[in-house]
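One structure below.
Everything quoted here is computed from the prediction, not taken from an experiment. Heavy atoms only: backbone and side chains are in, while hydrogens, waters and symmetry mates are out.
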There are 2 protein chains.
Amino acid sequence: MSKQELPIIDAGVDVAGAACCAPLVCEPLSESEAAELAPLFKAIADPVRLRLLSLIACHEGGEACVCDLTVAFDLTPPTISHHLKVLKQAGLIDSERRGTWVYYWINPSMLERLAVVLGPRVAATT
Amino acid sequence: MSKQELPIIDAGVDVAGAACCAPLVCEPLSESEAAELAPLFKAIADPVRLRLLSLIACHEGGEACVCDLTVAFDLTPPTISHHLKVLKQAGLIDSERRGTWVYYWINPSMLERLAVVLGPRVAATT
DNA sequence: TCCACACATAGATATCTGTCAAATTAGAGC
DNA sequence: GCTCTAATTTGACAGATATCTATGTGTGGA
């Protein structure tokens with residue numbers, strides 16, 4: 001399951017780590033960058049998966065077992081399982097079996113990567 | 001076409017404008033928040049639309065006419081038109097006809113909103 | 001060994017989505 | 001008015017996706 005090593009998209013961030021602007025807005029996304037980012041956005045472009053991601057991230061200890069998640073939805077366990085698989089294949093979450101239960105936790109770097117593409121600066125203008 | 005006034009999702013940003021963390025990671029997304037965000041992410045969850053957004057944002061003057069965009073893809077005008085419509089209905093871009101041509105520009109606040117949900121802080125840890 | 005429980009996979013199905021060709025609308029210039 | 005060009009709308013269709021039921025796979029306890 002090493003989905004980790006996607007070539008990080010540089011764009012729009014200088015050496016100091018200070019961002020000039022959202023890469024998306026800085027210079028046109030290449031075809032390959034777009035092809036690589038789209039599946040990530042697609043993975044979170046679903047209300048159930050957005051909530052799953054959020055539930056997992058906010059759960060005590062930064063991880064949650066499937067049973068914790070299933071009860072939060074009006075969906076059957078296989079459906080939840082399906083959505084978790086989609087998130088995992090995108091690299092947004094990871095999992096491990098511990099005894100009877102399977103635990104999931106998020107991969108923050110992937111989330112951050114998406115955030116940076118859209119706009120790396122803090123919402124300071126409010 | 002007033003798609004503007006979606007109730008901004010507060011979450012995770014204190015009064016000073018400094019963000020404590022990504023709302024998604026701060027506290028569980030409500031069902032309605034998720035239902036509202038998912039279509040936005042869905043709109044950008046396509047390689048063509050990602051590039052369209054980027055091309056528009058980066059184009060001189062911050063706007064581009066459809067003819068500028070169409071030539072950048074191996075797709076027919078109706079297909080480009082379809083994708084632009086999806087982006088516009090999501091509120092991510094707006095448009096105006098000026099003479100023969102139709103110009104599109106992005107709505108930065110919508111992009112920022114998505115960025116904030118995923119992670120409001122700058123990618124400082126690199 | 002056997003059963004109960006947690007979760008995943010497989011298969012089926014209805015719906016959504018991306019694409020194109022054809023037809024339509026809207027301006028500009030003659 | 002007529003015609004050319006720009007862009008959108010419509011209709012059709014193949015492929016993807018979300019969901020369910022039924023079945024399979026691990027794990028722990030009696």
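- Helix bend of the helix from C/dT1-D/dA30 to C/dC30-D/dG1: the angle between its two end axes, each built from five pairs, comes to 10° after rounding to 10°.
- Here C/dC16 presents its P atom at 10 Å from NZ of B/Lys42, a figure rounded to the nearest Å.
- Distances from the side chain of B/Thr76 to the nucleotides C/dC20, C/dA8, C/dC7 place C/dC20 closest.
- Checking the phosphate oxygens (OP1, OP2) of C/dA8, a side-chain nitrogen or oxygen of A/Ser81 falls inside 4.0 Å.
- Along DNA chain D, the nucleotide nearest to B/Lys85 and the one nearest to A/Leu75 differ in position, and the one closer to the 5' end is contacted by B/Lys85.
- If you measure from atom CZ of A/Arg98 to atom P of C/dC5, you get 23 Å, rounded to the nearest angstrom.
- B/Gln89 has its CD atom 13 Å from the C1' atom of C/dT17, to the nearest Å.
- Within the structure, the disulfide (SG to SG under 2.5 Å) test picks out the following pairs touching residues 66-110 of chain A (sequence neighbours left out): A/Cys65-A/Cys67.
- Contact annotation for A/Thr100: backbone-only contact, meaning every heavy-atom pair under 4.0 Å involves sugar-phosphate atoms and none involves a base.
- The residue among A/Leu84 and B/Val86 whose nearest nucleotide of DNA chain C lies closer to the 5′ end is A/Leu84.
- Here C/dC7 presents its C1' atom at 6 Å from CZ of A/Arg97, a figure rounded to the nearest Å.
- A straight line from CZ of B/Arg51 to C1' of C/dG18 spans 16 Å, rounded to a whole angstrom.
- The two residues B/Cys26 and A/Cys58 have their closest heavy-atom pair at C-SG, 3.6 Å.
- Note on residues 39-49 of chain A: pairs passing side-chain hydrogen bond (donor to acceptor under 3.5 Å, both in side chains), not counting sequence neighbours, are A/Arg49-A/His83.
- Across all strands, B/Tyr104 comes closer than 4.0 Å only to sugar-phosphate atoms, never to a base (heavy-atom distances).
- Across A/Ala115 and B/Leu118, no two heavy atoms sit closer than the pair CB-CB, 3.7 Å.
- On the nucleic acid side, DNA chain D has its first and last nucleotide under 4.0 Å of a heavy atom of chain A at D/dT17 to D/dG28, going 5' to 3'.
- Across B/Ser95 and B/Lys88, no two heavy atoms sit closer than the pair OG-NZ, 2.6 Å.
- Between B/Leu24 and A/Ser54 the shortest heavy-atom distance is O-OG, 2.8 Å.
- The residue B/His82 sits close to a base: some heavy atom pair falls under 4.0 Å.
- The minimum heavy-atom distance linking B/Leu92 with B/Leu40 is given by the pair CD1-O, 4.2 Å.
- Across all strands, B/Pro78 comes closer than 4.0 Å to base atoms (heavy-atom distances).
- Atom NE2 of B/His83 and atom C1' of C/dG18 are 6 Å apart (whole Å).
- Evaluation of the salt bridge (Lys or Arg N to Asp or Glu O under 4.0 Å) rule for B/Glu96 yields B/Arg98 as partners, not counting sequence neighbours.
- If you check every strand for non-hydrogen atoms under 4.0 Å, A/Ile80 touches nothing.
- Across all non-hydrogen atoms, the minimal contact from A/Ile44 to A/Leu50 is O-CG, 3.2 Å.
- Screening residues 72-81 of chain B for side-chain hydrogen bond (donor to acceptor under 3.5 Å, both in side chains), with sequence neighbours left out, gives B/Thr76-B/Thr79.
- Distance A/Asp46 CG to C/dT17 P: 11 Å, rounded to the nearest Å.
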